[in-house]
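Some notes on the structure that comes next.
Nothing fancy with the numbering, it's 1 onward along the sequence. Note that ligands are numbered from 1 as they come in the structure, with each ligand's atoms numbered from 1 the same way.
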Amino acid sequence: MKILVADYIYTPNGYVEYQAVAFDKQIKAVDSLENLLQTYPEAQIIRTEPHSVIYPGFINTHVHLEFSANKTSLKYGSFMPWLDSVIANRDELMQVCDNKMMMQECDAMLRSGITSFGAISSFGAELEVCQQTPQRVVFFNELIGSNAQYADILYGDFLERLNASQSCNPDQRITPAIAIHSPYSVHPVLLQKAVTLAKQNKLPLSAHFLESQAEREWLESGSGELKTFFEKYFNTSTPVTNIEEFMVAFDTYPTHFTHCVQATKAELKHLSDKGHSIAHCPRSNRYLGCGRLKIEELDLPFSVATDGLSSNDSLSIFDELRAALMLHNDIPIQTLAGQLIKATTADAADILGLNCGKIEADKWADLAVITLPDMPQTKEEIALWSIIHTKEVSEVYIEGIKVTPSFNEEEKV
Ligand code: MCF
Ligand code: FE
């Protein structure tokens, strides 16, 4: 048993002062140190630095590790030039992206306090790294393919990758899952099969949805820049589905939809009515010129995610949260900071079906300690100071074990 003591703890009831958390693999209790010691007299007491706050480990719901080699290869600024540049550079980016590079990015996520992430896997190349990294990983095997002719081959390949992620050792903390790439790139027959499979096996399900204006135009009227793209690379000139057909295919199974920047109020209402959620990727949306998701109008749960280095400059969750503070400049900043912390902890865990994200009894002891440079004046300001001042967290625990980015202390078993 360990007891972690800090000036503040972020709990489902807000920030509490002068308390401590008792945990082994799971959290046992939050109480005063004196009370906890009465129940657990043998516990190891760990005192954090002054002005520290204990948070549940942060959760990055959507990242493409396989694209970690990108620095300046892909074109930022506008969606279609970016997509063209993905086609042109993908093979080379994959070639230079080795396990070492992806593990460094898992390290970077860990240093920013990320204890769980959703890995969107196009090829299955990051499975080994995800098995080795100490973090929990929801491993989203991507299904892509708009041409009915190749549907069987693509589905077969997808099933093989899914199987591999299903055969991991439980100690590796991997949850197998399915990602539908997008409405413009997945044939409705494939989509139907994958949704049924997810439902039957209770696998988390995710899909990129209504990211760009080009995507909307193509799905609505079969025109625009995506038409040129499909004519050039796939010799087709009509979309395989439309917004309505794609969206209703998920009606019976709650799905985590990524981006949704271009969704209308009616579409967002439909997503909300069917129990879905949104992964909000503020820097990715800005870098690809897709616009701003109006999070102030959402009435469904959302997470905040980095997306991959294919459309970002870092995988740090705190870099992402700082960007979100800037992007949503009309939302009162203290309120927004509080929402962002909740979105990346409790809400993200609920969305991915992980038993963590909250500091309360019976959750996994996945914790991130941050240390503020000075004492906050009020509890209401802690969320904002945490986001503004945290470049790296001070300590991370996963399932009760302290982990360090270089993994040479206590490694993932
Ligand atoms: O989320 C961003 C932007 N939207 C769509 N796809 C991707 C993103 N980052 C990487 N991707 C991948 C996607 O998984 O790029 C490929 C897919 O494999 C695009 S389709 C050729
Ligand atoms: Fe993505």
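Of the listed residues (Ser206, Ser116, Ser277, Ser303), just one forms a side chain to side chain donor-acceptor pair (under 3.5 Å) with Thr61, and that residue is Ser303.
Cation-pi check for Lys193 over Tyr155 is met; the charged atom lies under 6.0 angstrom from the ring centroid and within 45 degrees of its normal.
Side-chain atoms of Phe230 and Ser146, non-hydrogen and from C-beta on, do get closer than 4.5 Å to each other.
Rounding to the nearest 0.5 Å places CZ of Phe79 at 12.0 Å from CD of Gln213.
An angle of 90° is found at the Fe ion (ligand 2) between His208 atom NE2 and His62 atom NE2, rounded to 10°. Geometry at the Fe ion (ligand 2): OD1/Asp307 and NE2/His64 form an angle of 90°, nearest 10 degrees.
Ring to ring, His389 and His51 are not that close: their centroids are 6.0 angstrom or more apart. A ring-centre distance under 6.0 Å is found for Tyr397 and Phe23.
Aromatic ring orientation, His62 versus His64: perpendicular (interplanar angle above 60°, classes split at 30° and 60°).
Using a 4.0 Å heavy-atom criterion, the residues that approach ligand 1 are His62, His64, Phe67, Trp82, Ile87, Arg90, Ser122, Glu142, Ile144, His181, His208, Glu211, His259, Asp307, Ser310.
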